[in-house]
Amino acid sequence: MEEKKTIEKLLEEAKKVREKAYAPYSNFKVGASLLTEDGKIFTGCNVENASYGLSLCAERNAIFSAVSKGERKFKALLVVAQGEGTVAPCGACRQVMREFGEFDVYLANTDGKIEKTKVSELLPKAFGPENLEEKY
Ligand code: THU
């Protein structure tokens with residue numbers, strides 16, 4: 001699929017799953033769609049909790065869902081929320097993205113504004129799995 005079509009599809013899927021967000025505390029609904037290297041799309045929304053700290057972001061939900069199905073190689077992730085600008089993933093999600101290497105990340109809003117970035121740009125000089133290979 002050409003890049004423009006792929007992004008359109010990712011945006012559509014992320015907007016669809018965003019409607020399922022459980023966000024009664026923040027009222028900030030987020031949707032994420034994740035494209036695997038072999039062309040599958042996994043999605044996730046944010047799921048909040050009365051014990052606030054247990055809330056799960058849309059991006060991590062999508063990544064964990066893909067990993068649970070055996071997927072570990074990702075081409076692109078798109079995250080969408082409502083607002084004038086595009087949504088910025090939290091630090092925890094950036095670290096979880098980094099675990100699975102380098103891929104494109106599209107930050108979007110529900111009006112279709114999209115900004116392209118990538119994991120290494122969102123989290124430079126990151127700690128990652130390779131750091132644990134140097135055990136002594
Ligand atoms: N949230 C996400 O799901 N992804 C982001 O990129 C930003 C923040 C969620 C967490 C919480 O449920 C709500 O948005 C407000 O922080």
Side-chain angles (χ1 to χ4, degrees):
M1 224 192 287
E2 70 169 278
E3 193 184 349
K4 192 164 171 263
K5 280 254 160 31
T6 304
I7 299 164
E8 272 171 22
K9 175 79 178 148
L10 286 174
L11 180 62
E12 182 191 320
E13 292 294 323
K15 280 169 81 168
K16 212 191 309 173
V17 72
R18 180 181 167 274
E19 294 303 317
K20 295 198 167 64
Y22 177 72
Y25 306 106
S26 70
N27 283 315
F28 190 70
K29 292 180 170 192
V30 187
S33 54
L34 179 65
L35 179 68
T36 65
E37 277 199 349
D38 54 4
K40 293 187 200 112
I41 293 178
F42 290 84
T43 61
C45 58
N46 54 331
V47 180
E48 297 186 346
N49 193 277
S51 177
Y52 299 164
L54 300 182
S55 301
L56 181 63
C57 294
E59 298 93 315
R60 272 177 290 156
N61 208 351
I63 292 170
F64 294 160
S65 165
V67 172
S68 304
K69 294 283 185 229
E71 302 289 343
R72 294 180 185 175
K73 290 186 173 163
F74 307 126
K75 219 171 152 182
L77 182 146
L78 184 145
V79 56
V80 69
Q82 199 162 39
E84 221 174 275
T86 57
V87 61
C90 79
C93 287
R94 293 175 194 217
Q95 185 69 45
V96 169
M97 289 175 203
R98 174 60 178 76
E99 183 70 21
F100 299 99
E102 177 76 320
F103 48 89
D104 294 330
V105 182
Y106 295 93
L107 313 179
N109 73 11
T110 50
D111 295 329
K113 183 173 182 181
I114 300 177
E115 189 187 339
K116 183 179 181 179
T117 181
K118 55 188 177 181
V119 174
S120 62
E121 220 167 68
L122 289 169
L123 195 68
K125 296 189 190 294
F127 178 77
E130 62 283 358
N131 294 108
L132 296 176
E133 280 161 19
E134 297 157 29
K135 291 185 198 122
Y136 51 91

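The first residue in the sequence is number 1, and the count goes up from there.
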Is any side-chain heavy atom of [X] closer than 4.5 Å to a side-chain heavy atom of [Y]?
| X | Y | value |
| --- | --- | --- |
| Val119 | Val105 | yes |
| Lys9 | Ile41 | yes |
| Glu48 | Pro24 | yes |
| Tyr106 | Thr6 | no |

Please round to the nearest 0.5 Å and tell me the distance separating atom [atom1] of [X] and atom [atom2] of [Y].
| X | Y | atom1 | atom2 | answer |
| --- | --- | --- | --- | --- |
| Gln95 | Cys90 | CD | SG | 11.0 Å |
| Asn46 | Leu56 | CG | CG | 8.5 Å |
| Phe28 | Ser55 | CZ | OG | 13.5 Å |
| Leu107 | Leu122 | CG | CG | 6.0 Å |
| Cys93 | Arg60 | SG | CZ | 4.0 Å |
| Leu34 | Met97 | CG | CE | 9.0 Å |

Query - For Leu35, the option from Lys75, Glu13, Lys40 that meets side chain to side chain contact (heavy atoms under 4.5 Å, CB included) - result: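 The residue from Lys75, Glu13, Lys40 that satisfies side chain to side chain contact (heavy atoms under 4.5 Å, CB included) with Leu35 turns out to be Lys75.
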
Report summary line: When Val30, Thr43, Thr110 are each screened for side chain to side chain contact (heavy atoms under 4.5 Å, CB included) with Arg18, the one that passes is Thr110

Query raised in the report: Taking 4.0 angstrom as the limit, do Glu8 and Lys5 come out as a salt bridge?
Result: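 No, this pair does not count.
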
Query - Over 12 non-hydrogen atoms of neighbours within 6.0 angstrom of CD in Glu84 - result: no

Does any N or O in the side chain of [X] come within less than 3.5 Å of the main-chain N or O of [Y], such that one atom is a donor and the other an acceptor?
| X | Y | result |
| --- | --- | --- |
| Ser33 | Leu10 | yes |
| Asn109 | Gln82 | no |
| Arg94 | Pro89 | yes |
| Glu102 | Ser120 | yes |

**Report entry** Co-members of the apolar cluster containing Tyr22 [side chain, <4.5 Å]
**Finding:** Tyr25, Val47, Tyr52

If you take all heavy atoms of [X] and [Y], which pair is closest and at what distance?
| X | Y | answer |
| --- | --- | --- |
| Ile114 | Ile7 | CD1-CG2, 3.5 Å |
| Phe42 | Ala62 | CB-O, 4.0 Å |
| Gly128 | Arg98 | CA-NH1, 3.9 Å |
| Ala58 | Gly44 | CB-O, 3.5 Å |
| Phe74 | Phe103 | O-CB, 3.2 Å |
| Lys113 | Gly85 | NZ-CA, 4.2 Å |

Query raised in the report: Is there a side chain to side chain contact (heavy atoms under 4.5 Å, CB included) between Lys15 and Lys29 once you walk through the steps?
Result: CA-CA 10 Å; Lys15 280 169 81 168; Lys29 292 180 170 192; over 6 Å; no

Report task. Please test Leu77 against Ile63 for side chain to side chain contact (heavy atoms under 4.5 Å, CB included), starting from the C-alpha separation and ending with a verdict. Result -> CA-CA 9 Å; Leu77 182 146; Ile63 292 170; 4.0 Å; yes

Query raised in the report: Going by atom types only, do Ser51 and Asn49 share a side-chain donor-acceptor pair under 3.5 Å?
Result: no

